[in-house]
Amino acid sequence: MTVRVRFAPSPTGFFHIGSARTALFNWLYARHTGGKFILRIEDTDKERNSEAFLKVILDSMHWLGMDWDEGPNVGGNYGPYFQSQRTDFYRQKLQELAAKGRAYEKDGAWWLRLEGARSKVFDDHLGREIEKVEAAPMVLDDLIRGRVERAEDRDFVIFRSNGEPVFHFVNVVDDIAMQITHVIRGEDHLSNTSKHLEIFKAFGVTPPAYAHIPLILKTDGPGKMSKRDRGALIEEYQQRRYLPGAVRNYLCLLGWTPANGQEVLPIEEIIRQFELKDIHQSNARFDERKMAHINTQTLRHLPRETFVSLAQPILKSAQVIDDQVTTERLNEVFAIVQEKVNSLEHLPEFVSYFFTDQFTKDPAALANLTKKGGDPAARLCEILPALETCAWTETDLDAAFTATGLAHQRKATDYFAPVRYAVSGQGGGAHLLGILRLLGQAKVLARLRAF
RNA sequence: GCCCCCUUCGUCUAGCCCGGUCCAGGACACCUCGUUUUCACUGAGGUAACUGGGGUUCGAAUCCCCAAGGGGGCGCCA
């Protein structure tokens, strides 16, 4: 049997990190098993449905590299994939239940009739009398949580009085119609599952396998990540120039651990290793620092050409470079800079001194200058003559620093920090002699004199 | 209030199923130190956890029970 999983978002105008991970786990499972990944849009709530909202989801899915085998823009044999276009089908399925006596109309809405003894009870919490049903508990063999038993004790609405079906109903009806084999969804749906199982039972259909994955909690404070928390929306990472592969990699780590313990790894490897039984049972707190770390690691290991092709437009839009700066030049620069880079977001500040004299100067780096080599201005005066007459290769530059150190009874490295600051405005960065080589003698001397 | 799920370093986790190899391992963060090539690098080191209580057992992070804590659900939202 071919695995068929689905991600069924509701287009509400944003793409939540929790939804992204649910989508990701479904996608990974489909790719791991060679099954089908289906995208179904749950837009039954007409109030909140719009073309623009849908676009947010599709764009984020694309950005994270999750492609679907059936759904919007690609079609499939089980469509339509928009629930707003399936209303007739839902009405038909409702009639089926009504004919079986498992659905009835009350107050203009349609209710699912549970099977069991009924009694009127006053509910303290709701503050009114309700009809309770002693229905048999629904037993779920969850792939992640094991056996979970829960009984529904009240009939519930499956079709609203305004003629629209409710989530529980369409969810099950479509899972049946689309022949979904595995439902991978957030643990917040665990309590809903007894309702869903009741609907499957009413239709006389064997339910799919379920896997309820843990939730993502706020970094600090109580509760799950909400759309208002920093880092909750995928578009934020896009804007901050995170690598989509790194975000995806981190998302995988929230609720799942690679077997060999290696955390930064290519998606092909994750697909190969991914098993539902390895998904954790407990919720995880979101930690952006760790995600930033994974982003940095991924960035540094990118092939040079890829890195340059990513960096080029960023530097251009930040007006650090113009069309005069060639790809060859960028290749030279990033040959020594890439391994030191932390993020694409801050790349312009990090490398601007290579391309412009208007680079920013880090006050903290300036404050640190006297720590090792004493008065920076004095050091620059001492090294200047040596650099003025130096042949411009790293070997010769190295010799110049050593010789100057010797002449003044100093360590050659006493000159590094002042020179670095004078030419780059920073306290760290790429290999210093490499920077000098790439900047060229004229620029270096000018900046040293200008200190 | 009722129902369901969960509980190992600050955080993410390994180990738990098949009790001894765990005075609990890794990663992020943090701290310290090293570097005649600086660091937003790299190397070395460090602080830090089995929620509590009862059992079972020669022996429990691992099995059982209870409590506490955390999370979720209880809509004519999805």
Side-chain angles (χ1 to χ4, degrees), chain A residues 8-12 19 42-45 47-48 83 106-111 123-127 140 142 144-146 148-154 156-168 170-171 186-195 212 214-215 217 219-220 222-224 250 253-259 261-264 277 280-294 296 300 339-343 346 350 365 368 372-373 394 397-398 401-402 405-406 410-421 426-435:
Chain A
S10 185
T12 49
S19 307
E42 304 217 334
D43 53 354
T44 52
D45 187 347
E47 313 265 307
R48 299 195 280 178
Q83 290 186 331
K106 190 182 92 181
D107 305 331
W110 283 85
W111 301 66
D123 186 294
D124 289 334
H125 190 57
L126 295 170
L140 166 68
D142 194 275
I144 294 168
R145 270 141 228 290
V148 178
E149 220 181 281
R150 189 170 185 278
E152 285 299 317
D153 60 1
R154 292 169 60 199
F156 54 92
V157 171
I158 53 179
F159 247 82
R160 291 190 270 265
S161 51
N162 68 3
E164 289 173 34
V166 306
F167 162 72
H168 302 299
V170 296
N171 196 263
E187 199 229 48
D188 48 348
H189 284 294
L190 191 55
S191 296
N192 288 330
T193 308
S194 44
K195 281 192 180 68
H212 285 93
L215 303 181
L217 269 27
T219 302
D220 34 45
K224 57 176 175 174
Y250 175 70
L253 262 24
L254 245 27
W256 176 82
T257 309
Q262 194 194 328
E263 295 184 319
V264 183
K277 67 173 175 56
H280 309 149
Q281 299 187 315
S282 50
N283 297 340
R285 250 174 227 285
F286 175 75
D287 180 6
E288 199 193 317
R289 290 178 305 183
K290 181 133 184 177
M291 183 164 69
H293 170 255
I294 288 169
T296 299
R300 288 180 184 165
E339 58 175 355
K340 310 290 182 178
V341 156
N342 252 9
S343 73
H346 297 118
F350 192 55
N368 275 340
K372 265 193 172 172
E394 287 191 33
L397 286 165
D398 192 19
F401 275 95
T402 307
L406 232 45
R410 296 198 151 271
K411 292 187 285 187
T413 46
D414 285 351
Y415 297 95
F416 275 71
V419 171
R420 175 185 291 282
Y421 181 81
Q426 296 177 20
H431 189 289
L432 180 61
L433 300 185
I435 294 176

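In what follows, every heavy atom counts, from backbone to side chain, and hydrogens, waters and symmetry copies are set aside. Here is the naming used below: chain letters follow the sequence lines, and residue numbers restart at 1 for every chain.
- Within 4.0 Å (heavy atoms only), G255(A) reaches sugar-phosphate atoms of the nucleic acid but no base atom.
- Taking only side-chain nitrogens and oxygens, R160(A) comes nearer than 4.0 Å to OP1 or OP2 of A78(B).
- Rounded to whole Å, the distance from CG on N342(A) to P on A40(B) is 9 Å.
- We find that NZ of K195(A) is positioned 14 Å from P of C4(B), with the value rounded to whole Å.
- For F167(A), the ring-ring contact (aromatic ring centres under 6.0 Å, His included) criterion is met by H189(A), H196(A), not counting sequence neighbours.
- Looking at heavy-atom distances under 4.0 Å, F156(A) makes no contact with the nucleic acid at all.
- Judged as a side chain to side chain donor-acceptor pair (under 3.5 Å), and not counting sequence neighbours, the contacts of E394(A) are R437(A).
- Residues passing the side-chain contact (heavy atoms from CB on, under 4.5 Å) test with K106(A) are Y104(A), W111(A), sequence neighbours excluded.
- Nucleic acid contact class of P9(A) (heavy atoms, under 4.0 Å, all strands): none.
- With A78(B), C76(B), C4(B) as the candidates, the nucleotide lying closest to the side chain of S161(A) is C76(B).
- Look at G52(B): its Watson-Crick or wobble partner, with both distances under 3.5 angstrom, is C66(B).
- Residue D398(A) is classed as a base contact, given a heavy-atom separation below 4.0 Å to a base.
- I294(A) comes within 4.0 angstrom of nothing in the nucleic acid, heavy atoms only.
- H189(A) comes within 4.0 angstrom of a nucleotide base, judged by non-hydrogen atoms across all strands.
- D107(A) comes within 4.0 angstrom of a base, heavy atoms only.
- Nucleotide C74(B) has G1(B) as its partner under the Watson-Crick or G-U criteria, with both atom distances under 3.5 Å.
- No engagement by G186(A) is indicated, since no non-hydrogen atom pair under 4.0 Å with the nucleic acid exists.
- Residues meeting the ring-ring contact (aromatic ring centres under 6.0 Å, His included) test with F286(A), sequence neighbours left out: Y250(A).
- Residue contacts shown for A284(A) are limited to sugar-phosphate atoms, with no base heavy atom under 4.0 Å away.
- Residue contacts for L215(A): at a heavy-atom cut-off of 4.0 Å it reaches the sugar-phosphate backbone alone, with no base atom in range.
- Among the atoms of the strands shown, base atoms are found under 4.0 Å from some heavy atom of A430(A).
- N192(A) comes within 4.0 angstrom of a base, heavy atoms only.
- Pairing of G19(B), defined by two Watson-Crick or G-U wobble distances under 3.5 Å, is not identified with any nucleotide.
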Atom pairs, protein N/O to nucleotides 6-8 of chain B N/O, distance under 3.5 Å:
none

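- Among the heavy atoms of the strands, none lies under 4.0 Å from Q426(A).
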>> So if I define the base as every atom that isn't primed, P, OP1 or OP2, how would nucleotides 24-30 of chain B read as a B/S/- string at a heavy-atom cutoff under 4.0 Å?
In response: --BBSS-
